[in-house]
**Student:** 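Can you read through this structure? Questions will come right after.
Because only heavy atoms are used, hydrogens play no part in the values below, and waters and symmetry mates are left out as well, while side chains stay in. Naming convention: chains lettered A, B, ... in sequence-line order (proteins, then strands); numbering from 1 in each chain.
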Amino acid sequence: MRQSAYFLPTLKEQSAEAQIPSHQLMLRAGLVRQLASGVFSFLPMGYRVIKKVIEILREEMDAIGGLEFLLPALNPIEIWEQTGRVEAMGDVMFHLKNRDGLVLAPTHEEIITYHARQHVKSYRDMPMIWYQIQTKFRNEARPKSGVLRGRQFIMKDAYSMDSSWEGLDVAYDKHYQAYCNIFERCGIKFFVVGASSGAMGGRQSQEFMVESNSGEDTCAIAEGYSANIEVASSAILPVGRIDENLPIEEFATPNAKTIDDLVEQFGIPEHRCAKSVVYIVNDEPWLILMRGNDELNETKLQAIAGTNLLRPALSDELVEFTGADHGSIGPVNLKKKIKVVADNLLKGANSMVSGANKDGFHFKNIDLDRDCKIDEFYDLRTVIEGEPSVVNGEPLRVVKAIELGHIFKLGTKYSDALGATFLDSDGKENPIIMGSYGIGVERVMACFIEQNHDEKGIKWSKALAPYHIHLIGVNQHKSDEVNAACEEVYAKLSELKYEVLYDDRAETAGIKFNDADLLGLPVQVIIGGKNLKDGNVEIKFRASDEREIIPLANLYARLESFLK
RNA sequence: CGGGGUGUAGCGCAGCCCGGCUAGCGCACCUGGUUUGGGACCAGGGGGUCGGGGGUUCGAAUCCCUCCACCCCGACCA
């Protein structure tokens, strides 16, 4: 492709709008332009990268037996009502204003299940893997970070259908391996974490993550262990018992509202404090007891409660249920009998301090076994950097990460809701057992750039590069010899089927070099009078920024050995 | 949805607080000339509803009201 006839609007100056490297570089290198908040146009060069990503996705999905569909973004709302997800999605789902009964699909479990119900009627019809690479619409409350969180984006979404749970395990493992292949082929460094299934429903799920300060997720990782902070646990020791088990005693704490206050004013060790919070879970109050200043992990609470309809109680609710306001709540002498759950670290603990359910007072010497009734114990806390890993005690690192892909064992949530059943070999009707697997296409592109750039621009891998070779004529419009050599090399490279971008513009050398480094094609072939008079050309490898000056005659062999 | 910020030529910005001649600068663009291996130089030129609406004023990019868009932090997030 001749650059003189191409549309590649590179920018010398940086827009203040773009805050993260991938967003800045996608704008500067002429790959994308923003049309509205969370909505991007892909320009020809950027779309070539998208197509490279898509082709890798397609090859790897086909390799595990996936069948490619193209499902509509416009969906009848009735199907979504049958699975209860109109409510679950809430504002995230786009609804049309001038046509009742249609929504824009944020994902496609419902539609896949709908078609499966029509045609997958026997255990002999499975296993099946159906996938598509298609545009999703999500009305994000706050789009951000360029294409990383958009209101419209391309997703590779796949769905497995099996007649047995063992079959689901097989399909899940196939996707796990396919995803590893995909990200390795793209040249992205990633890790996999155990994750929460969120509102998707289902059992096991894992996320494919890229460590990045631009990420919105937080993960705890150590050798042999990695988990989303939403589900991560650690081997930190329980509070336990001390020998001196004194009788429970009330004491005045007029100026202590927080655990920190108790620690400061009364010298109580932080881990001997039990913090109480009240949540309204499905309209039912739960008192939740946590150690010291441990943070309640709401995602874990949602998983335990089996609902995401929960919220912290309001002040007047606190008084109604416990008898006290914030800062004086505890598990002993609750005004009303409400459900009490506690973090595992508090199991069997004694000599604890907690609120007395009377404003301005706390109890000390609480023995959780003796003085109050805890209904259930769960892992409810959010892990903290440095805590020992449950695998081998190594300290956990807590890092920010971008979610690139997510695989779920859905189970029968959607097949149950939509009545997608099959007959097994005994002639018995069963719901189809499903899995769901997604990769954000733009995120793959952005994550690659996050990991592969320098101050001058992008450093594309061969797999994702929009073109492989950047042929640069240095002042070729002033030299017939240079121009002739460029034209000859361009013709030859085209004949050899290389993907070559030929910068034949009448621009100065500096502009061409800087544009080339910004765009970041893997190899630059630089033809100028300086070297050409000795029969040489220069090649520059963008990833390493190494240069070689070689005889023109050797160019093709050198390129073949590099790009092979 | 709460908090903060921004909106002036295609892009990046100044001017606004403290109202006042024809609204500026850099880049880009057009014409002519000189240059030519890391974002050249000279000369000339085109391009503006100062985000929209309303108000105050002799006079508004500038002050007030209101709406909108975009960015950032938080909440939320399959």
**Student:** Can you tell me how far C1' in G39(B) sits from the matching atom in G26(B), rounded to whole Å?
**Tutor:** 13 Å
**Student:** Taking the same atom, C1', in G15(B) and in A23(B), what whole-Å distance lies between them?
**Tutor:**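 Per the computed distance, 8 Å lies between those C1' atoms.
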**Student:** On a whole-Å scale, what distance lies between the P atoms belonging to G52(B) and C11(B)?
**Tutor:** 15 Å
**Student:** Please list, chain by chain and in numerical order, all residues satisfying side chain to side chain contact (heavy atoms under 4.5 Å, CB included) with Leu102(A), sequence neighbours excluded.
**Tutor:**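 Here the qualifying residues are Leu74(A), Leu96(A), Arg99(A).
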**Student:** What is the distance, rounded to the nearest whole Å, between atom CZ of Phe408(A) and atom P of C77(B)?
**Tutor:** 13 Å
**Student:** Can you measure Met155(A) atom CE to C77(B) atom P for me and round it to whole angstrom units?
**Tutor:** 16 Å
**Student:** Would you mind classifying the nucleic acid contact of Thr10(A) as base, sugar-phosphate or nothing, using non-hydrogen atoms under 4.0 angstrom?
**Tutor:** nothing
**Student:** Restricting both atoms to N or O, compile the protein contacts to nucleotides 10-17 of chain B shorter than 3.5 Å, with distance only.
**Tutor:**
| from | atom 1 | to | atom 2 | distance (Å) |
| --- | --- | --- | --- | --- |
| G12(B) | O4' | Glu13(A) | OE1 | 3.4 |

**Student:** Assess whether a salt bridge exists between Asp157(A) and Lys136(A), defined as any Lys/Arg side-chain N lying under 4.0 Å from an Asp/Glu carboxylate O.
**Tutor:**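 Looking at Asp157(A) and Lys136(A), the cut-off is met.
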**Student:** Once you apply a heavy-atom cut-off of 4.0 Å, does Gln34(A) come out as touching a base, just sugar-phosphate, or nothing?
**Tutor:**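 Sugar-phosphate contact only.
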**Student:** Would you mind reading off the distance between Asn475(A) atom CG and G37(B) atom P, rounded to a whole angstrom?
**Tutor:** 5 Å
**Student:** Write down the distance between CD1 (Ile511(A)) and P (G37(B)), rounded to a whole number of angstrom.
**Tutor:**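 Ile511(A) atom CD1 is separated from G37(B) atom P by 13 Å.
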**Student:** Take atom CG of Asp515(A) and atom C1' of A28(B), then tell me their distance rounded to the nearest Å.
**Tutor:**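 Roughly 13 Å, once rounded to whole Å.
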**Student:** What parts of residues 528-544 of chain A reach RNA chain B, counting only heavy atoms under 4.0 Å away?
**Tutor:** Gly528(A), Lys530(A), Asn531(A), Glu538(A), Lys540(A)
**Student:** When the P atoms of C16(B) and U62(B) are considered, how many whole Å apart are they?
**Tutor:**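 Rounded to whole Å, the distance is 12 Å.
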**Student:** Does Arg142(A) make a side-chain N or O approach to OP1 or OP2 of C73(B) shorter than 4.0 Å?
**Tutor:**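 Yes.
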**Student:** Taking pairing as Watson-Crick or G-U wobble with both contacts under 3.5 Å, can you name the mate of A43(B), or confirm there isn't one?
**Tutor:**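 Pair assignment: A43(B) / U31(B).
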**Student:** For C18(B), give its Watson-Crick or G-U wobble partner with both distances under 3.5 Å, or none.
**Tutor:** none
**Student:** Leu519(A) has an atom CG; how far is it from atom C1' of G39(B), in whole Å?
**Tutor:** 16 Å
**Student:** Does G38(B) have a Watson-Crick or wobble partner in any strand here, with both distances under 3.5 angstrom, and which is it?
**Tutor:** none
**Student:** Mind checking whether Trp460(A) and Phe448(A) have ring centres under 6.0 Å apart?
**Tutor:** yes
**Student:** Quick one: which of G37(B), C70(B), C73(B) gets closest to the side chain of Lys144(A)?
**Tutor:** C73(B)
**Student:** For Ser37(A) and C71(B), is the shortest distance between a side-chain N/O and OP1 or OP2 below 4.0 Å?
**Tutor:** yes
**Student:** When we call it a touch if two heavy atoms are under 4.0 Å apart, what does Phe153(A) touch: a base, just sugar-phosphate, or nothing?
**Tutor:**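 Result for Phe153(A) = base.
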**Student:** What residue among Asn228(A), Val231(A), Asp217(A) forms side-chain contact (heavy atoms from CB on, under 4.5 Å) with Val193(A)?
**Tutor:**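 Answer after filtering Asn228(A), Val231(A), Asp217(A): Asn228(A).
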**Student:** Report the base-pairing partner of U6(B) (Watson-Crick or G-U wobble, both distances below 3.5 angstrom), or none.
**Tutor:** A69(B)
**Student:** Which is true for Val92(A) with a 4.0 Å heavy-atom rule: it touches a base, it touches only sugar-phosphate, or it touches nothing?
**Tutor:** nothing
**Student:** Hey, which of these two, Ile526(A) or Phe40(A), hits RNA chain B nearer its 5' end, going by closest nucleotide?
**Tutor:** Ile526(A)
**Student:** What nucleotide among C77(B), G39(B), C71(B) has an atom nearest to a side-chain atom of Glu140(A)?
**Tutor:**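 That would be C77(B).
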**Student:** Expressed as a whole number of Å, how far does the P atom of G53(B) sit from that of A9(B)?
**Tutor:** 16 Å
**Student:** Are Tyr176(A) and Phe208(A) close enough that their ring centers fall under 6.0 Å?
**Tutor:**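 So the answer is yes for these two rings.
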**Student:** With heavy atoms under 4.0 Å as the rule, sort Arg311(A) into base, sugar-phosphate or nothing.
**Tutor:**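 Nothing, no nucleic acid heavy atom in range.
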**Student:** Out of curiosity, Leu519(A) CG to Asn514(A) CG, how far, rounded to the nearest 0.5 Å?
**Tutor:**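 Reported value, rounded in 0.5 Å steps: 12.5 Å.
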**Student:** Whole angstrom is fine here: how far is it from CZ in Arg33(A) over to P in C70(B)?
**Tutor:** 18 Å
**Student:** Quickly, which of Glu442(A), Glu403(A), Glu216(A) forms a salt bridge (charged side-chain N to carboxylate O under 4.0 Å, His left out) with Arg149(A)? Name it, please.
**Tutor:**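 When Glu442(A), Glu403(A), Glu216(A) are each tested with Arg149(A), the salt bridge (charged side-chain N to carboxylate O under 4.0 Å, His left out) holds only for Glu216(A).
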**Student:** Taking the C1' atom of each, how far is G48(B) from C13(B), in whole Å?
**Tutor:**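 Each nucleotide's C1' atom is 15 Å from the other's.
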**Student:** Would you indicate which nucleotide in A40(B), C73(B), C70(B) comes nearest to any side-chain atom of Ala36(A)?
**Tutor:**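 Looking only at heavy atoms from C-beta outward on Ala36(A), the closest nucleotide is C70(B).
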**Student:** Which nucleotide sits closest to the side chain of Arg28(A): G39(B), A75(B), G38(B)?
**Tutor:**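 Minimum distance to the Arg28(A) side chain belongs to G39(B).
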**Student:** What's the gap between U8(B) and A14(B) when it is taken at their C1' atoms, as a whole Å value?
**Tutor:** 10 Å
**Student:** So, Arg85(A) and Glu109(A), do they make that salt bridge, N to O below 4.0 Å?
**Tutor:** yes
**Student:** Centre-to-centre under 6.0 Å for Phe40(A) and His23(A), is that the case here?
**Tutor:** yes
**Student:** Keeping the roles fixed (side chain from Tyr437(A), backbone from Lys156(A)), state whether a donor-acceptor pair exists under 3.5 Å.
**Tutor:** no
**Student:** Which residue lies toward the 5' end of RNA chain B, Ala18(A) or Ala141(A), if each is placed at its nearest nucleotide?
**Tutor:**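 Taking each residue's closest nucleotide, the earlier one in sequence belongs to Ala18(A).
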**Student:** Do side-chain atoms of Lys512(A) reach the backbone of Gly473(A) as a donor and acceptor pair under 3.5 angstrom?
**Tutor:** yes
**Student:** Would you measure the distance from the C1' atom in A61(B) across to the matching atom in U22(B) and give it in whole Å?
**Tutor:** 15 Å
**Student:** Give the rounded distance in Å between these two atoms: CG of Asp91(A) and P of A75(B).
**Tutor:** 18 Å
**Student:** Does CD in Glu284(A) sit with more than 12 non-hydrogen atoms of other residues, nucleotides or ligands closer than 6.0 Å?
**Tutor:**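 Yes, the 6.0 Å shell around CD holds more than 12 heavy atoms from other groups.
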**Student:** For G24(B), give its Watson-Crick or G-U wobble partner with both distances under 3.5 Å, or none.
**Tutor:**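 Matched G24(B) with C13(B) under the 3.5 Å cut-off.
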